[in-house]
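Structure record follows, encoded as structure tokens.
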Amino acid sequence: MSEMSVRTRSALSKKFLFYGLALTSAVLSASYVVVDTYVSALLDDSMILAQLSWMAGALIIGSLMLVLAIPLRRINGIRIPLGTHLDPNFRPFFLPPWAVLKWVTLSGVFMSISTMLYFQLLQEFDASIMAPLMSFTIIYLLIGDFVLEKDNPTMIEIQGIIAIVAGIFISSLSRGEFDAKAVFLALVVMNGMSALITIFNKKATQWVDLSTRQPLDAITFRFYAVVTTLIINSILFIILADPQQHLGLWRVGRTVFWTIILSMFLATLSYIFIIRALRMGKMSIINSLSSFSVILSIPLTMIGHFVLPDAIPFDLGGSNGIILKSIGAVLVITGMLGLALSEVRVLAIAKVTEDGLKQINHIASLKGVTRVSVLAGKYDLLITIRTRSIGKGYRQTIRKIRGIPTVQYLETITIMKEWGS
Amino acid sequence: MIAYIFINCYADLEYQLAKYLRDQSIVEEVMITTGENDIIIRLFIQDLQELYEFTVNILENRPEIRDMRTSVVTKEINN
């Protein structure tokens, strides 16, 4: 067996691992937003903060890559690097093809602009309000799913969207005033860019190395994403920043550098977890679970405010503010759990006529179909379908496959429990 | 190479077998299913020899398995 083909397996159930990754990422996200609030209080220049962040990010992921490349154990006589504990597909110092790098570069462009805007908005909102505002991306992604997949939303999806939108707005209003310009920048511009970044990331994570059947691992992905973003951000910084800011990068940068290192370390771990989760489930579900950071940001900001009252603002807005924040949090949790727990995977095995094998591209293009495998054996095709409900899967996928004249026999199988890498 | 193995178990032993199979290095997915088969596993294998060794040396020694059927994937489209 070659080194490329060795992969470790997780002992956790796939669903448990998927939710665990997404929720841990949410905890880390809420933590780094609080740290960033502290950094923004120390230095109010969003361009310098963005540039320092990506420099720190490159330093962290580069160092992490070196540590994770250390081979620690052997499987079948082959040395397995430490990084496989974080991502079973980890391949140290792997250079992906342009087909992947183009999506990483596009993601880098928007990440660069989004980071500057993010630090600008942190001057306006405390972390407990910023976190709900950042979670609005889920709405764009769900709507994107409906449009791209020509899909009608189910009742649970409509309820989920309404609950999340209401929760985010109520949380945002808890400070008792409404800054329309800042809310517009956060909801439309920053979340719009976040939705694009998520789509580009998803495109990149869909790539599979045909020689080893391995996708791009999350650590390598993060490395190239950060390096690309640093290059793009540096170009923008040189062009857009004035000489005072160029000097300020080195002068004031030293005072906040270690705090930024902490923030980017938390962000890097959060990112690796989310990228790994992206390969295991639908991105709208992952973003729903990530919205858990909305809830966590409230106690974390309170703790931060208690420890550093001058540096980390937290506007309770009196008893009404606390009630509004709590109602908002409950609504967001209700919405995201409804979305997260209502997805099932179904298999369909089929026998087709000789001409039927030419139809696999058509079957793969059907709504909800995530994989079509041509089999040598009793059956010809094994089709994997992901759907919000069995009824929706039948209506939108199974009926269409049964309608293909070359399909002679079709049997559907529901997966009751599953584990995977 | 990718292969699927469709497994039927003796009554009430599918969960025990699934937990064992999920720890095997070449097993990519383990699914406990409704329908004709109790468990379906997806394997990532280097060649047919590795598939043969897995079925003969590992699966055929498992007391939970009543019968099984193997299918090799000749082409695959992932979305």
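This one's a predicted model, so the numbers in the text were calculated from it and none came from an experiment. Naming convention: chains lettered A, B, ... in sequence-line order (proteins, then strands); numbering from 1 in each chain.
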Legend entry - Criterion side-chain contact (heavy atoms from CB on, under 4.5 Å) on B:Ile77 and A:Ile360, from CA distance to verdict: CA-CA 8 Å; B:Ile77 299 174; A:Ile360 62 165; 3.8 Å; yes

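The residues B:Glu29 and A:Arg345 are annotated as salt-bridged, a charged nitrogen and a carboxylate oxygen being separated by less than 4.0 angstrom. With respect to the salt-bridge test (charged N to carboxylate O, under 4.0 angstrom), the residues B:Glu36 and A:Lys378 qualify.
The most heavy-atom pairs under 4.5 Å with chain B, out of A:Ile415, A:Thr412, A:Asn361, A:Leu347, come from A:Ile415.
Atom CD of residue A:Glu418 and atom CD1 of residue B:Ile39 lie 13.0 Å apart, to the nearest 0.5 angstrom. Note: A:Thr414 OG1 to B:Ile32 CD1 = 13.5 Å, rounded to the nearest 0.5 Å. With values rounded to the nearest 0.5 angstrom, A:Thr384 atom OG1 is found 6.5 Å from B:Met31 atom CE. One finds the OH atom of B:Tyr4 at 7.5 Å from the CG atom of A:Leu375 (value rounded to the nearest 0.5 Å).
At a 4.5 Å heavy-atom cutoff, the contact between A:Ile349 and chain B is made by side-chain atoms alone. B:Ile40 touches chain A through its side chain: at least one heavy atom from C-beta onward sits under 4.5 Å away, while N, CA, C and O do not.
Between A:Lys417 and B:Glu14, the closest side-chain pair of non-hydrogen atoms is not below 4.5 Å. Residues B:Val73 and A:Val374 are not in side-chain contact: their nearest non-hydrogen atoms beyond the backbone lie 4.5 Å or more apart. No side-chain heavy atom of A:Ser373 sits under 4.5 Å from any side-chain heavy atom of B:Lys75.
For the pair A:Met416 and B:Thr33, the tightest heavy-atom approach, listed with the atom from each and the gap, is CE-O, 3.4 Å. Of all heavy-atom pairs between A:Gly377 and B:Ser71, the closest is CA-OG, 4.1 Å. Taking all atoms of both residues into account, the shortest heavy-atom contact from B:Thr34 to A:Ile413 is O-CG2, 3.1 Å.
Around atom OH of A:Tyr409, more than 12 heavy atoms belonging to other residues, nucleotides or ligands sit under 6.0 Å away. Summarising the local packing, CZ of B:Arg66 is surrounded by more than 12 heavy atoms from other residues, nucleotides or ligands at distances under 6.0 Å. Within a 6.0 Å sphere centred on CG of B:Asp47, heavy atoms belonging to other residues, nucleotides or ligands number more than 12.
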